[in-house]
Structure formats: C-alpha cells, structure tokens
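Everything below concerns the one structure shown next.
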Protein chains: 2
Amino acid sequence: MNTVQNLIDILKQAGMRITPQRRAICAYLAENDNHPTAAMIYDDLKAEMPSLSLMTVYNTLNTLANLGAIHVIGQAGDDTVHYDADTEPHINVICINCQKIVDVPSEHLVEIRQDIDRQSGYRLIGSRLSFYGLCPDCQAKAESSSGH
Amino acid sequence: MNTVQNLIDILKQAGMRITPQRRAICAYLAENDNHPTAAMIYDDLKAEMPSLSLMTVYNTLNTLANLGAIHVIGQAGDDTVHYDADTEPHINVICINCQKIVDVPSEHLVEIRQDIDRQSGYRLIGSRLSFYGLCPDCQAKAESSSGH
DNA sequence: CGTATATTTATAATGATTATAAAGTAGGTA
DNA sequence: TACCTACTTTATAATCATTATAAATATACG
Ligand SMILES: [Mn+2]
Ligand SMILES: [Mn+2]
Ligand SMILES: [Zn+2]
Ligand SMILES: [Zn+2]
C-alpha cells in the first residue's frame, strides 16, 4: 500500500509542486483502504480544508493515476469512478447493491498476465480486474426481504 | 458466442416483445465480434433503419445486460461504455490509444474465481477483467514518432 | 381483426467530469 | 528574507454520455 510520503515523492519527482491540497489528498489515499470516488475524498477533506474544490480533487487523482501511483477501478454500479491506492496486482470484488469493494489477492494473476503477454501482442500497462456480486450483508438483506 | 436466435430467445423467455429494432440490435451483437458502444450500434443500424433512436439501443443493451445475455465491459479510455456479446469467461485487452479491444482466453480464470469464492464471501454474478496497454499498431506508431 | 399493453421515439433532464480563466501560491533565486 | 514567475487552485460554465418522461406506435394474443 502507498504511504503518504511515497505518493508525495512521486509527485515531486514528476516536477509537481507540493500544495496543502495535494498533501491532504495523498494522505487520504494512504490512510484509507477504501476505494474512494473523487466526491468521497472531497466530502471528507472539506471539513478540515473548507476552500478545497472538487476540481482539485479530480486533477490530483488524474495526475496520480497518469503517474501510475494509483489505479482507476472504474464505476461500481453507481455512476462514478472509483480509485485504488493499492497498486499491487489484486482483484476488486464489488457489491452491485451497496458498492462496497473488497480486495482479493490471487497468485494466479501472474499466470494470467503471462497468458496475455504471449497471446495479445499488447504492451501492457495496467489492469482493472473486477468481480461483481452481492456482499454478505446485502445477501442477508435480500434473503430476509424476499421471505423464506 | 451468442447467436441471433439465442439472444432473441432470451428476450422472449423474459416476456419481452420481439420488435424489428430489438432484432436488429441482437443481430448486430451476434454478427460482430467487436466490443461496441451504444453509439457504435446506433450509427451502424441507422442506415438500414432510419427511424431507430439511440434510446432504444440503450434500452435494449440494458435489458440484455440485466438478463446476463451480454456483458458490460465499461469504459475503454474513451468516455463510453462498451458491451461484450461473448459471455464466456475471458479477458479483454484494451488499447489506451485507439480503444481497440481483443479477447484473450485463459484457463487460469477458473482458479481465480475459486480464490474469490473462498476468500470474499460475495455471491458472484459477473466479472469485468480488463488489461490496458498499447496494441501492436499503436506501439509501432509511438516508436516511429518518438525516435530516430 | 381489434384491443390492451409494451415499446419506440422525440425531447428534456441529469449528473459526472472537464474546460476556462482569474486569483493565489510554491519554490527557486538574489 | 523578499521577490518573481510559472504552476495551482478556485469558481464558473460547458460538455456529453446516459436516463427520465410522455405522446405516438406497434406487438402479441384472443
Ligand atoms: Mn483494491
Ligand atoms: Mn471480449
Ligand atoms: Zn452490499
Ligand atoms: Zn491501439
């Protein structure tokens, strides 16, 4: 998982200035193991930094994503893009009801990547591996409401 | 790969009416092994069916996706959702420059799904497995333009 | 064939993300 | 430390894919 300093160093090495806004966004990403949207980060940081604008959050997330420091998961059944500060290869399992996202590591990911290298001819840069389903909570709710 | 009749039967069994529009959209999906967006299908069918509306394409794609007859790949670096008529488990490899999407099968997908079943507690419904990179064509262009 | 009802269509609305440009600031320099 | 300038942030408007609405239309079934 990325540490705050790690993310800030990546920005520095890319020649970008370290602003309080960027520092706060990096801290949020490093200190939470959720899979936030731009709006989630904005809402959270607004309390401690009232002048923050959503545009800055979008800009910083795009910058970090372009540098490969974070990953773009994409939508989760809602209509908003989620980000992942964990860039280690892993699978994100998404609840289509409540949008909760959990991580699942798998040693088979390496083999899959090899399959693609051999078969596609693409020069791979990243991946977005999502499974969809109902989380345990939402399964329970679905069962109790549909009547046994 | 889905056949036209296959897709139409799925709609019928769901109690939906078989209209010329739906038939044409199902035919497009069955006869092309691309990964189209709603707009791509609309543009293509507009020639033979001038009254077709984009709304109908969206509705039909959503219906088919909800029935599990096609899969939603999500965005491909553009800002539009791509669909996949091939519902067999496979990986989509996406070019971040030209948005070309190719399929790569892998026998390791089964094992990954087992890993998730064991570790997540989610009841899985579907997956979206995308790798990103540069297709051979775009690699060639990148090299010839950047270098000696 | 005629009817009830699902569907299509045209149109407007929504909402996430991006573009723009003025105001503000980080960070190097003297 | 004070200053300068290019980079950032912010407020605001624009974009554009997708969805909502409601009137017009057509399917399926007796
Ligand atoms: Mn994750
Ligand atoms: Mn595919
Ligand atoms: Zn859930
Ligand atoms: Zn390409």
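Keep in mind it's a predicted model, so treat the numbers as computed, not measured. The chains referred to below are lettered A, B, ... by the order of the sequence lines, with proteins before strands, and numbering in each begins at 1. What's counted below: heavy atoms across the whole structure, side chains too, no hydrogens, waters or symmetry copies.
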Handout entry: Under 4.0 angstrom between Gln21(B) side-chain N/O and dT9(C) OP1 or OP2
Key = yes

Practice task
Scan Asn62(B) against the nucleic acid and name what it touches under 4.0 Å (heavy atoms): base, sugar-phosphate only, or nothing.
Solution key: sugar-phosphate

Exercise for the section: Evaluate whether atom CD of Glu107(A) has more than 12 neighbouring non-hydrogen atoms of other residues, nucleotides or ligands under 6.0 angstrom away. Expected result: no

Fill in the blank from the handout: Whichever of Leu52(B) and Asp79(B) has the more 5' nearest nucleotide on DNA chain C, that residue is Leu52(B)

Fill in the blank from the handout: In short, the helix from dC1(C)-dG30(D) to dA30(C)-dT1(D) is bent end to end, axes from five pairs each side, to 10°, by 40°

Handout entry: Among dA11(D), dT18(D), dT9(C), the one nearest Ser53(B) by side-chain distance
Key = dT9(C)

Handout entry: Short side-chain N/O contact from Asn59(B) to OP1 or OP2 of dT9(C), under 4.0 Å
Key = no

Exercise for the section: Taking only the side-chain nitrogens and oxygens of Tyr58(A), find out if one of them lies under 4.0 Å from OP1 or OP2 of dT18(C). Expected result: no

Exercise for the section: Report the nucleotide, chosen from dT20(C), dT18(D), dA26(C), that has the shortest atom-to-atom distance to any side-chain atom of Leu54(B). Expected result: dT18(D)

Problem - side-chain N/O Thr19(A) vs dT8(D) OP1/OP2, d < 4.0 Å - result: no

Practice task
Quick one: label Ser51(B) by what it contacts on the DNA or RNA (base, sugar-phosphate, nothing), any heavy atom closer than 4.0 Å.
Solution key: sugar-phosphate

Practice task
Please state how far atom CE in Met16(B) lies from atom P in dT8(C), giving the value in whole angstrom units.
Solution key: 8 Å

Exercise for the section: Look at all strands and tell whether Thr56(A) reaches a base, only sugar-phosphate, or nothing, counting heavy atoms closer than 4.0 Å. Expected result: base

Exercise for the section: State, with a plain yes or no, whether a side-chain heavy atom of Leu29(B) is found less than 4.5 Å away from one of Ile41(B). Expected result: yes

Practice task
Answer yes if the side chains of Asn92(B) and His82(B) hold a donor-acceptor pair under 3.5 Å, and no otherwise.
Solution key: no

Exercise for the section: Take atom CG of Asn62(B) as the centre, draw a 6.0 Å sphere, and report whether it contains more than 12 heavy atoms from other residues, nucleotides or ligands. Expected result: yes

Problem - Flag if over 12 foreign heavy atoms under 6.0 Å of CG, Asp43(B) - result: yes

Exercise for the section: Figure out the OH/C1' separation between Tyr83(A) and dA16(C), and round it to whole Å. Expected result: 10 Å

Handout entry: Sole residue of Gln5(A), Lys12(A), Gln13(A) in side-chain hydrogen bond (donor to acceptor under 3.5 Å, both in side chains) with Asp9(A)
Key = Gln5(A)

Handout entry: Interatomic distance where NZ belongs to Lys12(B) and P belongs to dT7(C) [whole Å]
Key = 14 Å

Fill in the blank from the handout: To the nearest angstrom, the CD1-P distance between Ile41(A) and dT9(D) comes to 14 Å

Exercise for the section: For Pro20(A), report the nucleic acid contact type (base, sugar-phosphate, nothing); a contact means any heavy atom under 4.0 Å. Expected result: sugar-phosphate

Completion exercise
Ranking dT20(C), dA28(D), dC7(D) by distance to the side chain of Arg17(B), first place goes to dA28(D)

Fill in the blank from the handout: Looking only at dT18(D), dA20(D), dA11(D), the nucleotide nearest the Thr80(B) side chain is dT18(D)

Handout entry: Rounded interatomic separation in angstrom, taking CD1 from Ile18(A) and C1' from dG28(C)
Key = 15 Å

Practice task
Indicate whether OP1 or OP2 belonging to dT9(D) is found under 4.0 Å from a side-chain N or O atom of Arg22(A).
Solution key: yes

Exercise for the section: Before giving the answer on side-chain contact (heavy atoms from CB on, under 4.5 Å), spell out for Leu129(A) and Leu109(A) the whole-Å C-alpha distance, their side-chain angles and the decisive distance to 0.1 Å. Expected result: CA-CA 10 Å; Leu129(A) 305 174; Leu109(A) 290 178; 3.5 Å; yes

Completion exercise
Here the distance between atom P of dT14(C) and atom CE of Met55(B), to the nearest Å, is 15 Å

Practice task
Could you walk me through whether Ile112(B) and Ile116(B) pass the side-chain contact (heavy atoms from CB on, under 4.5 Å) test, one step at a time?
Solution key: CA-CA 6 Å; Ile112(B) 286 200; Ile116(B) 298 169; 4.1 Å; yes

Exercise for the section: Round to the nearest Å and state the distance from Ile25(A) atom CD1 to dT8(D) atom P. Expected result: 13 Å

Problem - Spacing between Leu45(A) atom CG and dT10(D) atom C1', to the nearest angstrom - result: 16 Å

